[in-house]
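A short write-up of the structure that comes next.
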Amino acid sequence: MEYKGYEIEETKNAIIIRKVKDFNPVHTFECGQCFRWKREKDGSYTGVVRGRAVNVEFHGDKEEAGALVIKNGSIDDFINIWYDYFDLGRDYGAIKQSLMKDNIMREAVKFGYGIRLLKQDIWETLISFILSANNRIPMIMRAVEKLSEAYGEEIKLDGVSYYSFPSVDKLAASNCEELDVCKGGFRCKYILSTSQMIRDGDVRLERLETMSRDKARNELMRLPGVGPKVADCVLLYSGTKYDVFPTDVWVKRVMEELYFKREASFKEIWNFADENFGDMAGFAQQYLFYYARENKIGAKENSLG
DNA sequence: TTGCAGGGGTCAA
DNA sequence: TTGACCCCTGCA
């Protein structure tokens, strides 16, 4: 069948989506936006999204449209979940064109040509990025997995058990000691208080979309464990706001090294992003961050005095 | 082998 | 503006 420009074929246990452009699973799953997609030995990725465990692979050459294969996916799920989740309604070719205004962005976009911003569940993104504070990716992935194992629902795929991300109520009803099965350490108290504030309606995640960017950001920052960096990540990776520019130490060092040629404050960097990338600041950040991290640009040895 | 710094930030003083 | 923070890894 055909759906919004894509050709979809349903097989026994998978769906094949053809004519998918601007996608590379390595770029998309390893650009730092998500923590629940695991690379398998055969190069495919297995992940848990909205209570479903699926395996994804992509067949296609660089720059060309290719076929996205979702094992354990159905056409209904494609229409209700995957089309949106993989942001397949957006023209990334046009975004990349408009971002490639200078040599730095040209390099970054060329390098991460297959990045797509996933529209992830905002609640899961919130907790995941609270866990990311002063932490490393493998540990964040493990923590999210442990939380899901302890508080989520079991899902079987090919005889292997996976676990959905826990509900607000489940985490809010827990306590710091039990939450520490994820080894989140000092972050566990933030997770507990944040969960309770969300449960009690102190902060309403579903309302953020209708607010201005800055208001949504400030609203998120009322939650314990959420500062500017985490707030921007939550807004961007849930597809709530795209004109944010999450700035962590890597992005900061990259911006200083490549653009400013000197030390710069967070405010300066955000202003620069507003002026130069505008509505597309979030996409720009993602290409830059992936490019910098994979090429060790902004690594400490190279940093400015 | 043991020890120590430091990590995709946030909070509190 | 600055240090502490849980846990873990990498590197002397």
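Reminder, nothing fancy here: chain letters follow the sequence lines and each chain counts from 1.
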Worksheet item: Should A:R293 and A:I137 count as side-chain neighbours, where that means a heavy-atom distance under 4.5 Å?
Response: yes

Tell me whether the count of non-hydrogen atoms from other residues, nucleotides or ligands lying under 6.0 Å of [atom1] in [X] goes above 12.
X      : atom1 : value
A:E177 : CD    : no
A:E153 : CD    : no
A:D91  : CG    : yes

Between [atom2] on [N] and [atom1] on [X], what's the gap in Å once rounded to a whole number?
X      : N      : atom1 : atom2 : result
A:F186 : B:dT10 : CZ    : C1'   : 8 Å
A:F266 : B:dG9  : CZ    : P     : 8 Å
A:E145 : C:dC7  : CD    : P     : 19 Å
A:F289 : B:dG9  : CZ    : C1'   : 13 Å
A:L220 : B:dG9  : CG    : P     : 17 Å
A:K252 : B:dG8  : NZ    : P     : 15 Å
A:R187 : C:dA4  : CZ    : P     : 17 Å
A:K229 : B:dC11 : NZ    : C1'   : 16 Å

Which whole number of Å gives the distance between the [atom1] atom of [N] and that of [M]?
N     : M     : atom1 : value
C:dC7 : B:dT1 : P     : 23 Å
B:dT2 : C:dC6 : P     : 25 Å
B:dG8 : C:dT1 : P     : 23 Å

Taking the side chain of [X] as heavy atoms from C-beta outward, which of [options] is closest to it?
X      : options              : answer
A:K183 : B:dG9, C:dC7, B:dG8  : C:dC7
A:N134 : B:dG6, B:dT10, C:dC5 : C:dC5
A:R142 : C:dC7, C:dT9, B:dG9  : C:dT9
A:Y190 : C:dC8, B:dG9, B:dC11 : B:dC11

Worksheet item: What does C:dC6 pair with, Watson-Crick or G-U, if both distances are under 3.5 Å?
Response: none

Discussion item. Does the structure show a Watson-Crick or G-U wobble partner for B:dG8, both distances under 3.5 Å? Name it, or say none.
Written reply: none

Indicate, with a heavy-atom threshold strictly under 4.0 Å, whether [X] touches base, sugar-phosphate, or nothing.
X      : answer
A:I130 : nothing
A:V226 : sugar-phosphate
A:G32  : base
A:L131 : nothing
A:P228 : sugar-phosphate
A:P138 : nothing

Worksheet entry | Salt bridge present between A:D169 and A:R199 (N-O < 4.0 angstrom) | no

Discussion item. Between A:E256 and A:K252 (salt bridge meaning N to carboxylate O under 4.0 Å), is one present in this structure?
Written reply: yes

Response to the item:
Nearest-nucleotide check on DNA chain B, A:N135 vs A:G225; residue mapping nearer the 5' end is A:N135

Worksheet item: OP1 or OP2 of C:dC5 sitting under 4.0 Å from any side-chain N/O of A:K189?
Response: no

